[in-house]
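Here's the structure, in structure tokens; my notes come after.
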There are 2 protein chains.
Amino acid sequence: MDAPRIESTLVSVDVLTLRFDARARTVLLGVAPRALDPFAGEPALPGVLLGRGERLRDAGIRAVTGKLGVAERAVTATGQLTTFDEPSRDPRGPTLSIALWATVDPALLDDGPTWAPLDGVPHLAFDHDRIVADCRPMLADRLWRDAAFTAGLLGREFTTAQALDVTESLTGDRPYPANLGRTMDRVPGLERTAQHAAALPKGGRPPLVWRWTRDEAAQGSVGR
Amino acid sequence: MDAPRIESTLVSVDVLTLRFDARARTVLLGVAPRALDPFAGEPALPGVLLGRGERLRDAGIRAVTGKLGVAERAVTATGQLTTFDEPSRDPRGPTLSIALWATVDPALLDDGPTWAPLDGVPHLAFDHDRIVADCRPMLADRLWRDAAFTAGLLGREFTTAQALDVTESLTGDRPYPANLGRTMDRVPGLERTAQHAAALPKGGRPPLVWRWTRDEAAQGSVGR
DNA sequence: ACAATAGTGTCTCTTAGACATTATCAG
DNA sequence: CTGATAATGTCTAAGAGACACTATTGT
């Protein structure tokens, strides 16, 4: 390697980990208290330094598994958001932060990490408040337009009611069911089945089931 | 700095530099033959290694001024696209490439660099063919939605005909003038004036002039 | 029957797309 | 006047948004 070393910039990967809590009917963001200084004990996005030759996706999974305690197989999809480059964003020295998103399957979760509702994320270490604020519209924009993201968040099968809940969590307002149904009808690879899920314990008409025809999970393109 | 050095990944910045050629009625991409190995002599996107603590925008300007010979004040706007992380994309070793866009004012250009029409970019060094292919839709998507990008490309004032040319170059098909006019009417900060520009030497009705009310150039947000 | 939840038909308004027509220049 | 270029009125189709109404459950 003939390239400079000392002068090269460090690269970290910070992950906005999303999980849909069907019972609470909201999308949660994974945050973990920092183990080390700086900001020891304060909540932060899970992040790691990118290893030499490491893929962004691999580093992201390393962050999510290591700092959130999520099993690797629970990570259903990942993708890239944007890069933050303020030299002073890390007190240890100039460090690039490449923000990624990841979706996890709630069924495969151990307990332990902290999950905060997307509205109501606590104050975070570093510039992570800004990262969350800047990236939130990008996440909302991905819903129903990025199949890997949507499938990763909602799972292989889901009901119309869950789709409504996720949409409300991400975009901030709840669509009319008929309109969301039309939107979903136009999503490639998503199919409206004739099945109905079980009704809620409180009663009410059982909701319809939607299913991905292709395997939309396990894509999570990073870097294209 | 307590962070690892040898193991840190190198970061380069590669710039898709766009310039509108009003006479040729197309958008051109700046490419420069590489001075050094690898790929010496082959055309490539202008790129530099990111310095420690350097902002992405500054590195991008360094690449454009250094490798394309464009004056710094000719760079009207810059922004971020996406990051490419294949470890083998640079034969010298694993190097991240953060793709940026930059727009330059054609009036402030020296000659020398090579400009290729967006359709008809030659084969480029490294994985730059793929970078161009992947980023082109992102550029088309920015037009009329990112005021800094659009103003950077078209300048402070421009005609409807030029807007049609730029749209055709970026998106691949030419909108109907009436429809593009309605699109532009809805762009915040863009105003339809009553002035007409000079007609072409060949004759024809003189086109209308559009003007940015706010100073939309010189924004070029990178990293937000 | 009633409360709770979900699905659907349909009306309106906005936007996108497509032309045909009209307007203004040089020669 | 003719050829060239540009602007605009308008028709149609598609999509977004908003409700009202119907359907299916548990108690």
Side-chain angles (χ1 to χ4, degrees), chain A residues 20-26 137 140-145 150 154 157-188 190-211, chain B residues 20-26 137 140-145 150 154 157-188 190-211:
Chain A
F20 174 53
D21 184 335
R23 273 156 301 283
R25 314 189 72 161
T26 44
D141 190 56
R142 269 194 155 69
L143 189 63
W144 307 121
R145 313 212 301 116
T150 310
L154 278 161
E157 289 188 359
F158 57 91
T159 67
T160 307
Q162 292 172 337
L164 287 165
D165 293 338
V166 165
T167 304
E168 180 174 18
S169 288
L170 249 45
T171 68
D173 56 19
R174 190 176 189 81
Y176 289 87
N179 301 341
L180 182 59
R182 284 183 305 199
T183 298
M184 292 195 287
D185 280 333
R186 280 196 308 270
V187 172
L190 183 58
E191 128 188 303
R192 182 198 295 260
T193 73
Q195 307 170 29
H196 289 260
L200 295 187
K202 291 182 282 185
R205 176 172 177 176
L208 269 186
V209 171
W210 297 75
R211 184 176 17 236
Chain B
F20 173 53
D21 183 334
R23 271 157 301 284
R25 314 189 74 161
T26 45
D141 190 57
R142 269 193 156 71
L143 189 64
W144 307 120
R145 313 213 300 119
T150 311
L154 277 161
E157 289 186 359
F158 57 91
T159 66
T160 307
Q162 291 171 339
L164 287 166
D165 293 338
V166 165
T167 305
E168 181 175 17
S169 288
L170 249 46
T171 68
D173 57 19
R174 190 176 188 83
Y176 289 87
N179 302 341
L180 181 59
R182 286 182 305 198
T183 299
M184 293 195 286
D185 281 332
R186 281 195 310 269
V187 172
L190 183 58
E191 132 189 300
R192 180 199 295 260
T193 72
Q195 307 170 28
H196 288 259
L200 295 187
K202 290 182 281 184
R205 178 170 175 177
L208 270 185
V209 170
W210 297 75
R211 185 174 17 236

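Keep in mind that the numbers below use all heavy atoms, side chains included, and drop hydrogens, waters and symmetry copies. Keep in mind that this is a model prediction, so the values were computed, not measured. Residue numbers start from 1 in every chain, and the chains themselves are labelled A, B, ... in the order their sequence lines are given, proteins ahead of strands.
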Aromatic rings B/W210 and B/F158: how do their planes relate, parallel, tilted or perpendicular, breaks at 30° and 60°?
-> parallel
Within residues 159-177 of chain A, residues whose heavy atoms come under 4.0 Å of DNA chain C | A/T160, A/A161, A/P177
Quick one: side chain to side chain donor-acceptor pair (under 3.5 Å) partners of A/T26, sequence neighbours excluded?
-> none
Would you tell me if any nitrogen or oxygen in the side chain of B/K202 comes within less than 4.0 Å of OP1 or OP2 on D/dT5?
-> yes
Shortest non-hydrogen pair, B/W144 vs B/M184, comes out as CH2-SD, 3.3 Å
Run the side-chain donor-acceptor check on residues 174-182 of chain A: report pairs under 3.5 Å with partners two or more places apart or on a different chain.
from, atom 1, to, atom 2, distance (Å)
A/R174, NH1, A/D165, OD1, 3.1
A/R174, NH1, A/E168, OE1, 2.7
A/R174, NH2, A/D165, OD1, 3.2
A/N179, OD1, A/R182, NH2, 2.6

Closer than 4.0 Å, any side-chain N/O of A/R186 to the OP1 or OP2 of D/dA16?
-> yes
Nearest heavy-atom contact between A/A140 and A/L170 is CB-O, 3.4 Å
Applying salt bridge (charged side-chain N to carboxylate O under 4.0 Å, His left out) to B/R145 and not counting sequence neighbours gives B/D141
Figure out the CZ/P separation between A/R182 and D/dA18, and round it to whole Å.
-> 11 Å
How many Å lie between CG on B/N179 and P on D/dA14, as a whole number?
-> 16 Å
Contact list for residues 191-205 of chain B, test side-chain hydrogen bond (donor to acceptor under 3.5 Å, both in side chains), sequence neighbours left out = B/D185-B/R192
Distance in angstrom units between B/Q195 CD and D/dA7 P, rounded | 13 Å
What are the two closest non-hydrogen atoms of B/A198 and B/P206, and how far apart are they?
-> C-CB, 4.4 Å
Which one, D/dA18, D/dA7, D/dT24, comes nearest to the side chain of A/R205?
-> D/dT24
Go through DNA chain C in 5' to 3' direction and return only the first and the last nucleotide with some atom under 4.0 Å of chain B's heavy atoms.
-> C/dA16 to C/dA26
Is the shortest heavy-atom distance from the side chain of B/V166 to the side chain of B/L143 under 4.5 Å?
-> yes
Contacts of A/P206 and A/A178 projected onto DNA chain C by closest heavy atom; the upstream (5') one is A/P206
A/H196 NE2 to D/dT24 C1', straight-line distance once rounded to whole Å = 9 Å
